Enquirer: 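I'd like to ask some things about the structure below.
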Amino acid sequence: MRTSMFRSVESAIRRVSTSSPSTSTSSTHFARRCFSSESAPARKVAVLGAAGGIGQPLALLMKLNPLVSSLSLYDIAGTPGVAADVSHINTRSEVAGYMGEDQLAQALNGCDLVIIPAGVPRKPGMTRDDLFNINAGIVKTLCTAIAKYCPHALVNMISNPVNSTVPIAAEIFKKAGTYDEKRLFGVTTLDVVRARTFFAGKANVNVADVNVPVVGGHAGITILPLFSQATPKGSNLSDEEITALTKRTQDGGTEVVEAKAGKGSATLSMAYAGAVFADACLKGLNGVPDIVECSYVQSNITDIPFFASKVRLGKNGVEEILGLGPMSDFEKEGLEKLKPELLSSIEKGVKFANQ
């Protein structure tokens with residue numbers, strides 16, 4: 001039997017990842033509740049970078065997900081031990097560990113979903129751009145393999161800087177002739193998780209009831225939480241409080257890096273957020289209706305080619321990119337401020353991929 005801890009973790013992931021628009025019907029919620037592992041199709045999920053600081057807890061959380069039937073863990077070293085450890089957990093999925101580039105094909109063959117947390121973590125004083133030269137090369141190599149061995153998989157990009165690594169992936173897939181903009185996602189869920197947590201604390205409301213869209217990108221000022229659209233309404237936070245909440249959400253990663261004092265970055269909360277978004281993607285693939293999450297995708301809702309906003313997920317990945325909705329003057333100003341930096345990061349990724 002599952003332990004109470006397992007039920008609590010699974011319940012938490014489901015509760016956050018199935019938060020939905022106010023238009024959802026009771027039948028939608030019923031469909032979600034009834035979508036158990038017994039009725040779920042077989043789904044193979046790969047975690048690339050599974051022996052790292054994000055990869056290990058993410059592997060654990062994906063092993064707990066009843067929608068996963070096969071869990072493929074890949075890294076350049078250390079993966080067999082991680083796979084052996086996680087495989088002892090009494091849940092649905094079969095686990096296999098793969099190590100080194102010669103086993104990358106095996107790790108990817110037949111995947112429905114590929115999650116990429118691979119790369120070096122941030123350290124105190126580092127920006128996400130400081131990670132670019134190392135992580136960009138890693139992403140390029142992994143995406144070349146994805147294009148060859150599982151070209152139709154959904155790809156969840158966690159490796160920073162996401163504002164650049166998603167465009168890199170897009171360019172690699174275009175060169176291979178496999179690009180489908182509906183199947184490539186930058187995972188920005190941690191920004192949403194932070195915005196919900198910080199808003200709930202300041203507004204003194206139940207965090208489980210809170211939803212805050214976060215748009216733009218996934219670094220510094222490109223992260224734009226839309227607290228004017230936060231639910232539940234009626235918090236009556238002052239302009240100063242909204243400004244402070246926005247700044248804290250934008251600097252959430254730095255807050256953790258500094259708190260860990262050189263011994264890590266936001267690995268645990270990122271793993272949680274990655275698991276939440278992966279769960280949403282799997283539900284979409286399986287036909288669960290009204291799955292809406294924020295994600296950084298190819299988009300035309302602004303004049304920036306890649307942009308994070310609410311997207312509706314389905315059997316083909318992105319089913320619909322939702323508009324930004326009404327914004328406060330403060331948020332409109334933030335939107336204009338983030339555009340040059342976000343566009344520069346996109347261009348940097350495109351240039352790197354085409355060198």
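Being a predicted model, the structure only gives us computed values, none of them experimental.
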Enquirer: Looking at Glu94, I want to see if its CD is surrounded by more than 12 non-hydrogen atoms of other residues, nucleotides or ligands under 6.0 Å.
Expert: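 Atom CD in Glu94 is not crowded, with 12 or fewer foreign heavy atoms closer than 6.0 Å.
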Enquirer: Tell me if the centroids of the rings in Phe330 and Phe227 come within less than 6.0 Å of each other.
Expert: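 Here the rings of Phe227 and Phe330 have centres that are no less than 6.0 Å from each other.
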Enquirer: What are the two closest non-hydrogen atoms of Met99 and Pro80, and how far apart are they?
Expert: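 The answer is SD-CD, 3.8 Å.
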Enquirer: Flag yes if more than 12 heavy atoms outside Lys140 fall under 6.0 Å of its NZ atom; otherwise flag no.
Expert: yes
Enquirer: Looking at Tyr179, I want to see if its OH is surrounded by more than 12 non-hydrogen atoms of other residues, nucleotides or ligands under 6.0 Å.
Expert: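 Yes, OH of Tyr179 has more than 12 neighbouring heavy atoms, counting only those of other groups under 6.0 Å.
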Enquirer: Could you check whether any side-chain heavy atom of Val162 comes within less than 4.5 Å of a side-chain heavy atom of Thr165, counting everything from C-beta outward?
Expert: yes
Enquirer: Do you know the tightest heavy-atom contact between Thr189 and Cys294?
Expert: OG1-O, 4.3 Å
Enquirer: I'd like to know whether NZ of Lys148 has more than 12 heavy-atom contacts from other residues, nucleotides or ligands below 6.0 angstrom.
Expert: no
Enquirer: Check this for me, if you would: do Glu293 and Lys310 make a salt bridge, where the nitrogen-to-carboxylate-oxygen distance has to be below 4.0 angstrom?
Expert: no
Enquirer: Locate the shortest heavy-atom distance separating Gly52 from Pro57; write the atom from each residue and the value.
Expert: O-CD, 4.3 Å
Enquirer: If you count the non-hydrogen atoms of other residues, nucleotides and ligands that lie under 6.0 Å from CG in Asp102, is the total more than 12?
Expert: yes
Enquirer: Any Lys/Arg nitrogen of Arg43 or Asp112 sitting under 4.0 Å from an Asp/Glu carboxylate oxygen of the other?
Expert: yes
Enquirer: May I ask you to decide whether Glu347 forms a salt bridge with Lys351, counting only side-chain N to carboxylate O separations under 4.0 Å?
Expert: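 Answer for the salt bridge query: no.
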Enquirer: Under a 4.5 Å cut-off applied to non-hydrogen side-chain atoms, are Pro117 and Leu58 in contact?
Expert: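 Heavy-atom side-chain distance check passes, below 4.5 Å.
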Enquirer: To the nearest 0.5 Å, how far apart are CD in Glu181 and CD1 in Ile321?
Expert: 8.0 Å
Enquirer: Can you name the closest pair of heavy atoms from Ser269 and Arg194 and give their distance?
Expert: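 That closest heavy-atom pairing would be OG-NH2, 4.3 Å.
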Enquirer: Would you say the rings of Tyr296 and Phe307 are close, in the sense that their centroids are separated by under 6.0 Å?
Expert: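 Between Tyr296 and Phe307, which both carry aromatic rings, the centre distance is not below 6.0 Å.
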Enquirer: Got more than 12 heavy atoms from elsewhere within 6.0 Å of CD, Glu320?
Expert: yes
Enquirer: Do other residues, nucleotides or ligands put more than 12 heavy atoms under 6.0 Å from the NZ atom of Lys339?
Expert: yes
Enquirer: Please check if the number of heavy atoms outside Ile76 that lie under 6.0 Å from its CD1 is greater than 12.
Expert: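 Counting other residues, nucleotides and ligands, CD1 of Ile76 stays at 12 neighbours or fewer.
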Enquirer: Could you measure the distance from the CG atom of Leu335 to the CG atom of Leu224? Nearest 0.5 Å is fine.
Expert: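 Going from the CG atom of Leu335 to the CG atom of Leu224 covers 6.5 Å.
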